[in-house]
Amino acid sequence: MAARRVKALLAGRLQQAVRTAFGADEPVDAAQLQTPPPPHEGDLSLGCFALSKKLRKPPAEIAAALAKALPPEKPLAKVQAVGPYLNLTLEAADVIQAAFGPAPAATATGTVVVDFSSPNIAKHMAVYHLRSTMIGNALCRIHRALGWKVVGVNHLGDWGTGFGKLIVGWKRWWDPRQEPTVTDLNALYVRFGQKAKADPKLEEEARAAFLALEKGDGESRRLWQRFRDTSLGEFQKVYDLLGVSFDEVSGESVYEPDLEPTIALLRAKGMVSESEGALVVALPGKEKPCLLKKSDGATLYATRDLAAAISHQKRHAFTRKLYVVDAGQSLHFVEVFAVLAAAGFEWASRCEHVPFGILRFGGKRGRTREGGVVLLKDVLDEATSRALEIIRKNSPDLADAHTVARQVGIGAVVFNDLKNKRTKDIDFDFDEALAFEGETGPYVQYAHVRACGILRKAKEAGIALDPAADLSPLGLPEEKALAWRLSLWGEALERASREAEPSVVAGYVLDLAKALHTFHYKVPVLKASPAETAARLRLMDAARLRLAEGLAVLGIAAPEQM
RNA sequence: GCGCCCGUAGCUCAACUGGAUAGAGCGUAUGGCUACGGACCAUAAGGUUGAAGGUUCGACUCCUUCCGGGCGCACCA
């Protein structure tokens, strides 16, 4: 767990070397130690460009002088100056020891509120909901792993004029004795849209129905609650499949009572004005204002987000709030944060929009070429059945094949979603999302499975895993590479948190799986001397645990067989 | 028109935030089944990093302009 410790130690020593070589006291930051590109020898490298500026000497000269001044003791096996670079090769034994050193205590003490998933009531969860859901879920777990207090919030789209339409549709076309599904609700909504084209009176009726709902009319409220419960029940099935949970399931409706006080608060600060019949906040330096109320008096999305933000800060005193919402809504968040800042809330700067790219099908946004919405559940089911097919072929004797197929199939879809930088647009492709070879979820799971297999076999042979086994028999390049990768975990997590970027963790887990696969291929664990077997089992077990942990952070299961 | 995002191998993407000869996977070609699990390992071919300038000892990365794609730009969320 301690690549950082090794780097800090070496940075300190390098600083000392600068002192002895040049008599100057220049700081050497551990972050300057980077990994040299492949053809070059070494595990860490210092480019002497910054020192060159400070010391006013050519960087190559500095590298050479430091190579001499740096004592080649303990973790260092070799020190060599290559042009302006100082390349450090670490002793394999020390790298391996470092990987098993105590984990640095979690230093983060903040609270992060993560706002994610946020599906709309009376609509299905479609494939494009996967992005917010899994990116947000991963961000929650990344911060928990770092020691943050995390509040994962599902801010449902459960309010707005759409519910007036739904209520009207319900009253006209639904037999209330029947229990509706989400499909039924959605159909009512669509039907309303069609009928309203021919009959404008319907729109008026819908507005009235929503007004009644806002005023707390009993029947409207009961209907709305029913729609909400039905939808939530269906969402939950998908969340169960994905292993996603929330600390707070709220929604826009929850902040309804806060809207007037929020507007009053802004008004008291003299920020609110009227424009074209609407209530707005003018934003300094912006051409267009942020709307609080439509000219008909109804509140808007921005108003509810303002109220929700204020409420979250009051209740959780967050040090960071992340909104995992697609990039198309960037302007909305710019405006909301600007209003909060203008209102004098210093915590406005701690709110971050975490945008992600648009999902498309063959070039069309959110829909297939045929115009249908692709349901998330259908994709997950398809992935599961494809995985099951492969399991039947490769592991016909596997018990509980269905469970494993679900873990592998869904793992493939989720990993595919998280492996790329989130700002990239995605043109969803079944064969790509459901690929099981190469840089995929199943590839990572398979590395874990192979390690589990060897551990199982060891147990059958009566060889117990010794968590305190002597590591000194280790030293092969594959073992060193594996250990070094293990010790980079903390840095990967921190970067993922800093950039709110789960793909950093996905990349880490892929690299670790690659190192483990190579290890499995090249290094015999059980067909070795007892001391080697014990040490390799311990190393392999650490790698497999880390893979499981990394996958868990991404919201992906790590089966023991597949 | 203005603002934000994207443009890297045939395809999908990396590149530790300005450092070395730009790296992976897929696909293609080849090798490894006397396999601690082949959903794997390995070798090879494949590049003017959209274009042109600029800053710098040094640019995929920063600045300017342009080209191409996407998304926004007050009463939807």
Side-chain angles (χ1 to χ4, degrees), chain A residues 31 33-40 45 47-49 52-53 58-59 82-85 87 118 120 157 159-162 252 275-280 286-302 304-305 325-332 334-335 355-358 360 363 365 387 390-391 393-395 408 412 416 419-421 423-427 429 431-432 435-440 442-443 445-447 449-458 461 488 491-492 495 499 503-504 507 510-511 514 517-518 520-528 533 536 561-562:
Chain A
L33 290 171
Q34 302 188 335
T35 309
H40 296 277
S45 169
C48 298
F49 307 100
S52 163
K53 262 200 182 123
V82 182
Y85 294 92
N87 290 345
S118 315
N120 292 325
W159 206 248
T161 45
E252 298 182 79
S275 168
E276 299 174 31
L279 219 54
V280 306
K286 302 269 184 216
E287 203 177 312
K288 310 213 161 155
C290 175
L291 266 78
L292 298 179
K293 269 189 178 181
K294 304 198 283 184
S295 45
D296 68 2
T299 55
L300 288 152
Y301 182 33
R304 294 174 211 136
D305 260 356
V325 181
D326 76 87
Q329 297 187 44
S330 296
L331 183 60
H332 164 73
V334 167
E335 288 177 355
F356 55 85
I358 305 291
R360 243 175 275 279
R365 196 179 178 187
I390 296 176
I391 289 172
K393 198 176 70 198
N394 293 356
S395 317
V408 173
N416 180 255
K419 75 176 172 186
N420 298 140
K421 272 184 135 81
T423 45
K424 294 252 183 200
D425 288 351
I426 294 182
D427 198 345
D429 179 78
D431 290 331
E432 194 184 312
F436 295 153
E437 287 170 15
E439 293 176 331
T440 64
Y443 173 91
Q445 291 171 320
Y446 188 55
V449 161
R450 291 176 82 182
C452 287
I454 294 172
L455 285 162
R456 211 179 311 121
K457 203 149 197 169
L488 254 23
E491 280 165 86
R495 189 177 156 208
E499 299 175 8
S503 69
V504 173
L510 260 183
D511 287 341
K514 269 181 209 177
H517 273 306
T518 305
H520 282 146
Y521 187 76
K522 290 266 179 74
V523 185
V525 174
L526 300 179
K527 293 173 188 165
T533 294
R536 286 171 187 167
Q561 297 181 62
M562 64 191 268

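Letters go in sequence order (proteins before strands), and every chain restarts at 1.
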> Quick check: any donor-acceptor pair below 3.5 Å linking the side-chain of A:Thr440 to the base of B:A39?
no

> So, is A:Lys288 close to the B:A74 phosphate, meaning a side-chain N or O under 4.0 Å from OP1 or OP2?
yes

> In whole angstrom, give the distance that lies between atom CD of A:Glu335 and atom C1' of B:A77.
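Between C1' of B:A77 and CD of A:Glu335: 13 Å.
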
> Could you tell me whether the phosphate oxygens of B:G25, OP1 or OP2, come under 4.0 Å of any side-chain nitrogen or oxygen in A:Lys419?
no

> What closest approach, in Å, do A:Tyr443 and A:Leu510 show between heavy atoms, and which atom pair accounts for it?
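Taking every non-hydrogen atom into account, CD2-CD2, 3.9 Å.
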
> Rounded off to whole Å, could you give me the NZ-to-C1' distance for the A:Lys421 and B:G25 pair?
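In whole Å, B:G25 C1' and A:Lys421 NZ are 17 Å from each other.
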
> For side chain to side chain donor-acceptor pair (under 3.5 Å), just list the numbers for A:Ser503 and A:Asn420, CA-CA rounded to whole Å, side-chain angles, deciding distance to a tenth of an Å, and then say yes or no.
CA-CA 6 Å; A:Ser503 69; A:Asn420 298 140; over 6 Å; no

> Measure CZ/A:Phe436 against C1'/B:G27 and give the value in whole Å, please.
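Those two atoms, CZ and C1', are 19 Å apart.
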
> When the P atoms of B:C71 and B:C62 are considered, how many whole Å apart are they?
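Going atom to atom, P in each nucleotide, I get 24 Å.
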
> Classify the side chain of A:Ser395 and the base of B:G37 as holding, or not holding, a donor-acceptor pair under 3.5 Å.
yes

> Looking only at atom P, what distance separates B:U61 and B:G7, rounded to whole Å?
11 Å

> How far, in whole Å, is B:U65 from B:U55 if one measures between their C1' atoms?
15 Å

> Closest to the A:Arg495 side chain: B:A39, B:C16, B:A77?
B:C16

> When the P atoms of B:U64 and B:G18 are considered, how many whole Å apart are they?
16 Å

> What interatomic distance, in whole Å, is found between C1' of B:U56 and the corresponding atom of B:G69?
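Pairwise C1' distance, B:G69 against B:U56, rounds to 31 Å.
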
> B:A39, B:A74, B:C73: which one has an atom nearest the side-chain heavy atoms of A:Ile391?
B:A39

> Under 3.5 Å, is there any donor-acceptor pair linking the side chain of A:Asn87 to the base of B:A20?
yes

> So that I can compare with my own list, what are the stems of RNA chain B, taken as at least three consecutive Watson-Crick or G-U pairs with distances under 3.5 Å?
B:1-5 with B:69-73, B:10-13 with B:23-26, B:28-32 with B:40-44, B:50-54 with B:62-66

> Looking only at side-chain atoms of A:Thr423, point me to the closest of B:G70, B:C41, B:C5.
B:C5

> Would you classify A:Lys514 as touching base, sugar-phosphate or nothing, given that sugar-phosphate means primed atoms plus P, OP1 and OP2, and contacts are heavy atoms under 4.0 Å?
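Sugar-phosphate contact only - A:Lys514 comes under 4.0 Å of backbone atoms but never of a base.
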
> What nucleotide among B:A74, B:C41, B:A39 has an atom nearest to a side-chain atom of A:Glu276?
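Looking only at heavy atoms from C-beta outward on A:Glu276, the closest nucleotide is B:A74.
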
> Please tell me which of the listed nucleotides, B:A20, B:A39, B:A74, lies nearest to the side chain of A:Glu437?
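The nucleotide sitting nearest to the side chain is B:A39.
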
> Mind telling me whether B:U17 is syn or anti, cutoff 90° either side of 0?
syn

> Just to confirm, is there a sub-4.0 Å distance from OP1 or OP2 of B:A42 to any side-chain nitrogen or oxygen of A:Thr518?
yes

> When you measure from the side chain of A:Gln329, which nucleotide among B:A77, B:A20, B:G38 comes out closest?
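Given the options B:A77, B:A20, B:G38, the side chain of A:Gln329 is closest to B:A77.
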
> Quick check for you: among B:A20, B:C16, B:G38, whose closest atom lies nearest to any side-chain atom of A:Gln34?
B:C16

> What distance separates A:Leu488 CG from A:Thr35 OG1, expressed to the nearest 0.5 Å?
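Answer rounded to 0.5 Å: 6.5 Å.
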
> Please give me the minimum heavy-atom distance between A:Glu276 and A:Ser295, naming the atom from each residue.
O-CB, 4.1 Å

> Applying side chain to side chain contact (heavy atoms under 4.5 Å, CB included), run through A:Thr533 and A:Leu526 and close with a yes or a no.
CA-CA 6 Å; A:Thr533 294; A:Leu526 300 179; 4.2 Å; yes

> Think A:Tyr443 has a side-chain N or O under 4.0 angstrom from the OP1 or OP2 of B:G38?
no

> When the P atoms of B:G31 and B:U8 are compared, how many Å lie between them, rounded to an integer?
33 Å

> Out of B:C73, B:C36, B:G70, which has the shortest distance to the side chain of A:Asp425?
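Among B:C73, B:C36, B:G70, the one nearest the side chain of A:Asp425 is B:G70.
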
> To the nearest Å, give me how far apart CD (A:Glu499) and C1' (B:A15) are.
12 Å

> Starting at atom OH of A:Tyr301, determine the distance to atom P of B:A74, rounded to an integer number of angstrom.
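Atom-to-atom, A:Tyr301 to B:A74, this comes out as 16 Å.
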
> Looking at B:C36, B:A20, B:A77, which one has an atom nearest to any side-chain atom of A:Arg304?
B:A77

> Drop me the distance from A:Arg360's CZ to A:Asp429's CG, to the nearest 0.5 angstrom.
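Interatomic distance, A:Arg360 CZ to A:Asp429 CG, rounded to 0.5 Å: 14.0 Å.
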
> For B:C6 and A:Lys424 - does any side-chain N or O of the residue sit under 4.0 Å from the phosphate oxygens OP1/OP2?
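The answer is no; no side-chain N or O of A:Lys424 sits under 4.0 Å from OP1 or OP2.
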
> Atom CD1 of A:Ile426 and atom P of B:C6: how far apart are they, to the nearest Å?
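After rounding, the gap between these two atoms is 14 Å.
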
> Counting heavy atoms from C-beta on, name the nucleotide in B:C13, B:G70, B:A20 closest to the side chain of A:Asn420.
B:C13

> Can you list everything that forms a side-chain contact (heavy atoms from CB on, under 4.5 Å) with A:Asn120? Sequence neighbours excluded, please.
A:Lys123

> Using heavy atoms to find the nearest nucleotide of RNA chain B for A:Phe49 and A:Tyr521 separately, return the residue whose nucleotide is more 5′.
A:Phe49

> Please state the P separation for the pair B:U30 and B:U48 - nearest whole angstrom.
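Taking atom P in both B:U30 and B:U48, they lie 26 Å apart.
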
> Under 3.5 Å, is there any donor-acceptor pair linking the side chain of A:Ser503 to the base of B:A14?
no

> Could you tell me whether the phosphate oxygens of B:C36, OP1 or OP2, come under 4.0 Å of any side-chain nitrogen or oxygen in A:Arg450?
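Answer no for this pair, as no side-chain N or O of A:Arg450 is under 4.0 Å from OP1 or OP2.
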
> If you measure from the C1' atom in B:U49 to the same atom in B:U21, how many Å do you get, rounded?
15 Å

> Respond yes when some side-chain nitrogen or oxygen of A:Asn120 is under 4.0 Å from OP1 or OP2 of B:A77, and no when none is.
no

> If I take atom CG in residue A:Asn416 and atom P in nucleotide B:A24, what distance separates them, rounded to the nearest angstrom?
21 Å

> Please list, chain by chain and in numerical order, all residues satisfying ring-ring contact (aromatic ring centres under 6.0 Å, His included) with A:His332, sequence neighbours excluded.
A:Tyr301

> Can you tell me how far P of B:A14 sits from CG of A:Leu510, to the nearest Å?
12 Å

> Find the distance between NZ (A:Lys286) and CG (A:Leu331) and round it off to the nearest 0.5 Å.
7.0 Å

